[in-house]
Student: 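Before anything else, here's the structure in question.
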Amino acid sequence: MDAWGIMLPGSKKTFPCRIEEKFMLVKDSHGKEVVSNAEILLRGLVEIGFNDVLEWTNENGVSYSRQPLSVSVLRDFGGKPVFTKVVV
């Protein structure tokens with residue numbers, strides 16, 4: 001982070017999450033239909049951009065590195081953000 005607390009390009013941050021590996025047909029940020037590899041749920045409101053690169057390793061030790069296809073915030077009935085859903 002810089003002096004203002006903003007993440008610098010190339011810096012890494014680790015989040016606890018739930019990853020479900022599955023293939024789905026989704027629309028990306030440009031409205032184009034693409035096939036996704038996984039759906040990631042992060043607790044709370046997490047700032048994720050389409051230029052970010054998400055990296056994870058599954059139970060078999062296979063490492064992945066993908067950019068988000070879609071990012072959405074799942075909210076409770078009061079409007080409070082509960083999860084950030086990222087499809088890669």
Side-chain angles (χ1 to χ4, degrees):
M1 292 190 183
D2 65 5
W4 299 98
I6 298 172
M7 295 291 289
L8 296 173
S11 59
K12 292 185 179 186
K13 193 164 185 181
T14 303
F15 294 99
C17 62
R18 180 182 193 284
I19 300 176
E20 187 173 339
E21 294 183 50
K22 59 183 178 179
F23 294 100
M24 300 182 306
L25 188 62
V26 297
K27 290 190 178 186
D28 65 3
S29 61
H30 303 291
K32 182 178 166 186
E33 287 189 343
V34 293
V35 177
S36 70
N37 295 67
E39 181 178 279
I40 303 170
L41 288 177
L42 302 152
R43 186 177 303 276
L45 182 62
V46 179
E47 188 175 333
I48 302 263
F50 290 103
N51 292 327
D52 292 338
V53 176
L54 302 169
E55 298 176 346
W56 71 94
T57 304
N58 69 6
E59 295 90 357
N60 294 324
V62 179
S63 295
Y64 295 94
S65 178
R66 304 272 191 272
Q67 285 186 293
L69 297 173
S70 71
V71 178
S72 60
V73 178
L74 305 176
R75 299 178 183 273
D76 65 8
F77 289 114
K80 179 181 175 186
V82 179
F83 291 103
T84 300
K85 177 180 165 183
V86 182
V87 177
V88 294

Student: Do the non-hydrogen side-chain atoms of Thr14 and Lys12 ever get within less than 4.5 Å of each other?
Tutor: no
Student: Applying ring-ring contact (aromatic ring centres under 6.0 Å, His included) as the test, list every pair that has at least one member in residues 28-70; sequence neighbours left out.
Tutor: Trp56-Tyr64
Student: Taking distance alone, no hydrogens or angles, what donor-acceptor pairs closer than 3.5 Å link side-chain atoms of residues 68-76 to residues at least two apart or in another chain?
Tutor:
from: Arg75; atom 1: NH1; to: Gly79; atom 2: O; distance (Å): 3.0
from: Asp76; atom 1: OD1; to: Gly78; atom 2: N; distance (Å): 3.1
from: Asp76; atom 1: OD1; to: Gly79; atom 2: N; distance (Å): 3.1
from: Asp76; atom 1: OD1; to: Lys80; atom 2: N; distance (Å): 2.8

Student: Only counting residues at least two apart or in another chain, list the ones meeting side chain to side chain contact (heavy atoms under 4.5 Å, CB included) with Ser65.
Tutor: Val53, Glu55
Student: Can you tell me how far NZ of Lys13 sits from CG of Asp52, rounded to the nearest 0.5 angstrom?
Tutor: 11.5 Å
Student: Would you please name every residue forming a side chain to side chain contact (heavy atoms under 4.5 Å, CB included) with Glu47, sequence neighbours left out?
Tutor: none
Student: side-chain contact (heavy atoms from CB on, under 4.5 Å) for Leu54 and Val86? Distances and angles first, verdict last.
Tutor: CA-CA 10 Å; Leu54 302 169; Val86 182; 3.5 Å; yes
Student: Check side chain to side chain contact (heavy atoms under 4.5 Å, CB included) between Glu20 and all other residues, then give those that pass, not counting sequence neighbours.
Tutor: Arg18, Lys22
Student: Please report the interatomic distance CD1(Ile19) to CG(Asn58), rounded to the nearest 0.5 Å.
Tutor: 9.0 Å
Student: Establish whether Val88 and Val62 are linked, either directly or via other cluster members, by ILVMFWY side-chain heavy-atom contacts under 4.5 Å.
Tutor: yes
Student: Report, one line per pair, each donor and acceptor closer than 3.5 Å where one atom sits in a side chain of residues 32-45; sequence neighbours left out.
Tutor:
from: Ser36; atom 1: OG; to: Met24; atom 2: O; distance (Å): 3.4

